[in-house]
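Working notes, beginning with the structure itself.
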There are 4 protein chains.
Amino acid sequence: MKAENKHSKIISAATKVFAKKGFFTARISDIAKEAKVADGTIYLYFNNKYDILLSVFEEEVGKIVENTEKLLSLEDDPRKQLEIFAIQHLLAMKKNRHLAEVIQIELRQTHKIIKEYRDNNFSNYTGIIAEIIRNGQKSGIYRSDIKPDLAKRAFFGALDEISRVWNASLETNYSVKEIATQILSIFLAGIQVDPSNLPE
Amino acid sequence: MKAENKHSKIISAATKVFAKKGFFTARISDIAKEAKVADGTIYLYFNNKYDILLSVFEEEVGKIVENTEKLLSLEDDPRKQLEIFAIQHLLAMKKNRHLAEVIQIELRQTHKIIKEYRDNNFSNYTGIIAEIIRNGQKSGIYRSDIKPDLAKRAFFGALDEISRVWNASLETNYSVKEIATQILSIFLAGIQVDPSNLPE
Amino acid sequence: MKAENKHSKIISAATKVFAKKGFFTARISDIAKEAKVADGTIYLYFNNKYDILLSVFEEEVGKIVENTEKLLSLEDDPRKQLEIFAIQHLLAMKKNRHLAEVIQIELRQTHKIIKEYRDNNFSNYTGIIAEIIRNGQKSGIYRSDIKPDLAKRAFFGALDEISRVWNASLETNYSVKEIATQILSIFLAGIQVDPSNLPE
Amino acid sequence: MKAENKHSKIISAATKVFAKKGFFTARISDIAKEAKVADGTIYLYFNNKYDILLSVFEEEVGKIVENTEKLLSLEDDPRKQLEIFAIQHLLAMKKNRHLAEVIQIELRQTHKIIKEYRDNNFSNYTGIIAEIIRNGQKSGIYRSDIKPDLAKRAFFGALDEISRVWNASLETNYSVKEIATQILSIFLAGIQVDPSNLPE
DNA sequence: CATGAATGAGGGTTCATTCAT
DNA sequence: GATGAATGAACCCTCATTCAT
């Protein structure tokens, strides 16, 4: 229990520090101070600085994926599903600004390892979008000339870019609901066979 | 001329090295070796490592902006203009993979300074999209309920995410033309007043 | 008794670990693991890492000295006595390779403290040789021009160097008996008044 | 020339510092300070701390071997040759106390690498003794029942042990000449066929 | 202008030691 | 007494930057 506690305290501190200073600029002692543990304590739970980054990603992102998939399973309409994904993503990013930056900034990082890791892992996440689109195509709701793997990137990229600058400018301008509505209205109109046919 | 030469040799070397190793992992000596100059020589042209990054961005991205704006001035149809932007962006990213990574990876990095810098600078670039949309709205081609500053992010984000994974998976799968066509077909259908009204 | 048990378990574990990894490279946790106690337990029996080293030396070497002196007291012939010392030393080193290395490697180490310590302690051990030689000189068996304190170092050094490389090369080549015979045949011939006068 | 200078300044400083504090206790900054260079400068000439140790050994010991072999080539009498070796060894150790300790203390150290290294390298050195003995056996001067590879260890060990405690106790008591004479008188008497047959 | 040897601050990591349980 | 999680001082090494040549 105590160890559990400390492990997540470090993860959470690291998420905050990485987001604020960036992986390379962040010092282990920053994380330690933020987590209110000694520097050395961190190495009881992680092998090295890089391992902390991976763990932050693994653990925190895992939660989002899990949560999103649960919600999606309760809904059949591919249009509603796309909306769920968008809202979940934006909510998660808004709720955990620190994490948002870690995902967006750090995991676009250099190391091959991380790239592969992300590719294996984020595929799961963005793959959800492609799956929704494919389902929509089967039910004749989405245009069959849309390539799911291109569209998923476009959709994810749109959401990602918007939450990227969240802190800076969009902070007070738009709510998650407004943004999701705009993006959805564009994409649904863009990929539906009959754009006038909107979900109720 | 010789100095000019050396300056751009360093910029070009830095672009390559930053893309390959990342800003923080890249060493000045790596850039010097790649540029075939002495380490110290770099400091005759740049104040510090960080200054090199800014310069890479400034100079290389400047070219793209300039080029894109020139092409756009020759075309009036907002739908064609959006297509021009998409194609120009994808072509530029494809042509200069190194630069593409520098923009995508490094400039999402760390320091507030860079963020502000980017915001001032990239605003110009993404601002082009917003301008196109506003024009289209005036001429009644684009839906008036679309928020240009949200749509510009969505559009840029879509393009950006697609070129991000370029190297990895899309390498051989799709041509720039195909990708641009897909994205355009989604976005135009998404934001036009009359989706069936496509440019010839 | 239980404490006694733990104390010697640690000593024995430390001897093994020091020999294998060297004093500085050995970690307290290595010793703890080898002794099957917790790291902290070690500090119930020893003041610090260095104290363990001293104790290893003190206890283990003490046994050898004691044993050797007992055997020597049963023999009067200085030539036989030298043989006893040589055989006892080689046997002890062969029997306890770990200890052998600790003595040879670690106690030539660093700190003045240890040097003085060794000087005080090993003097007892090598002093045995000097004493044997002095006795032999009194009985007219050993040459009177031999300086006992030089000869003792030469004799001990010869034995020490031979057991140093024991593991490596001499492992299978020579038995303790053979080696002792060779060394003795050289030294006795070297320091006797009448080299042809060998003990039966 | 300048680099040469700095390289040897570091070697020499390291020899001194290693001898004084021991390899593990010595800090890089100690060596740097002693050599009057910056810490980082050391890494322009050596890969790591351990590499410095190897280099100290390699360079300094190399000189001794070279010098000793040159002198030996000028002398045919195996008894004189043994004397030359003893005197050269003792002189070298006396002249360079620091080096003496490095050889004796540090190179008995742990790492397999160093052991192998030493075995390969010191074999050359102690091998000289074995060779002298073999030659003496061929010319009928040394006893044929002596095993050269045991005798070489005994002889080297005797010299080594004596110079080991040099600083401590023998400092003022005996000169190199006296010591060499004693050791030689023991060993020559010990290994000659006719002990009374001494070189003039 | 150009060089690259030299600098030295900075930080990741280890591990002897402590102490609450 | 015994534990082992936690501590934090210590140190090797890197690399951006400088400057004498």
Between A:Tyr45 and A:Ile52, is any pair of side-chain heavy atoms under 4.5 Å apart? no
For the C1' atoms, the ones on F:dT21 and on E:dC1, what distance do you get once it is rounded to whole angstrom? 13 Å
Using the salt bridge (Lys or Arg N to Asp or Glu O under 4.0 Å) criterion, which residues pair with C:Asp39? Sequence neighbours excluded. none
Rounded to the nearest angstrom, tell me the gap between atom NZ in A:Lys9 and atom C1' in F:dA6. 11 Å
Starting at CD of D:Glu59, measure out to CG of D:Leu54 and round the result to the nearest 0.5 Å. 11.0 Å
Measuring only between side-chain heavy atoms, which start at C-beta, is C:Lys6 closer than 4.5 Å to C:Lys36? no
So do the side chains of D:Phe23 and D:Tyr50 get within less than 4.5 Å of each other, counting heavy atoms only? yes
Specify the separation, in whole Å, of atom NZ of A:Lys36 and atom P of F:dG8. 15 Å
In whole Å, what is the span from the CG atom of B:Leu44 to the P atom of F:dC19? 13 Å
Which value, rounded to the nearest 0.5 Å, describes the distance between B:Lys49 atom NZ and B:Arg27 atom CZ? 9.5 Å
Find the distance C:Phe46:CZ to F:dA2:P and express it as a whole number of Å. 12 Å
Measure CD1/B:Ile31 against P/E:dG4 and give the value in whole Å, please. 17 Å
Stem list, DNA chain E (Watson-Crick or G-U pairing under 3.5 Å, at least 3 consecutive pairs): E:2-21 with F:2-21
Please confirm whether the shortest side-chain N or O distance from B:Lys6 to OP1 or OP2 of E:dC1 is below 4.0 Å. no
Can you check the A:Ile42 CD1 to F:dG8 C1' distance for me, whole Å? 12 Å
Do A:Ile11 and A:Phe46 have side-chain heavy atoms sitting under 4.5 Å apart? yes
Side chains of A:Ile64 and A:Met93, heavy atoms from C-beta outward: is any pair under 4.5 Å? yes
E:dA5, OP1 or OP2 - any side-chain N/O from D:Tyr45 closer than 4.0 Å? no
Side chains of C:Thr25 and C:Asp30: does their closest heavy-atom pair fall under 4.5 Å? no
Of B:Val37 and A:Thr41, the one whose closest nucleotide on DNA chain E sits nearer the 5' end is B:Val37
Tell me the interatomic distance from C:Lys21, atom NZ, to E:dA16, atom C1', rounded to whole angstroms. 14 Å
Please list, pair by pair, any protein nitrogen or oxygen found under 3.5 Å from a nitrogen or oxygen in nucleotides 12-14 of chain E.
unit_1	atom_1	unit_2	atom_2	d
E:dG12	OP1	A:Ala26	O	3.3
E:dG12	OP1	A:Lys49	NZ	3.2
E:dG12	OP2	A:Ile28	N	2.8
E:dT13	OP2	A:Tyr43	OH	2.5
E:dT13	OP2	A:Lys49	N	3.0
E:dT13	O5'	A:Tyr43	OH	3.4

Can you measure D:Ile52 atom CD1 to F:dC13 atom C1' for me and round it to whole angstrom units? 11 Å
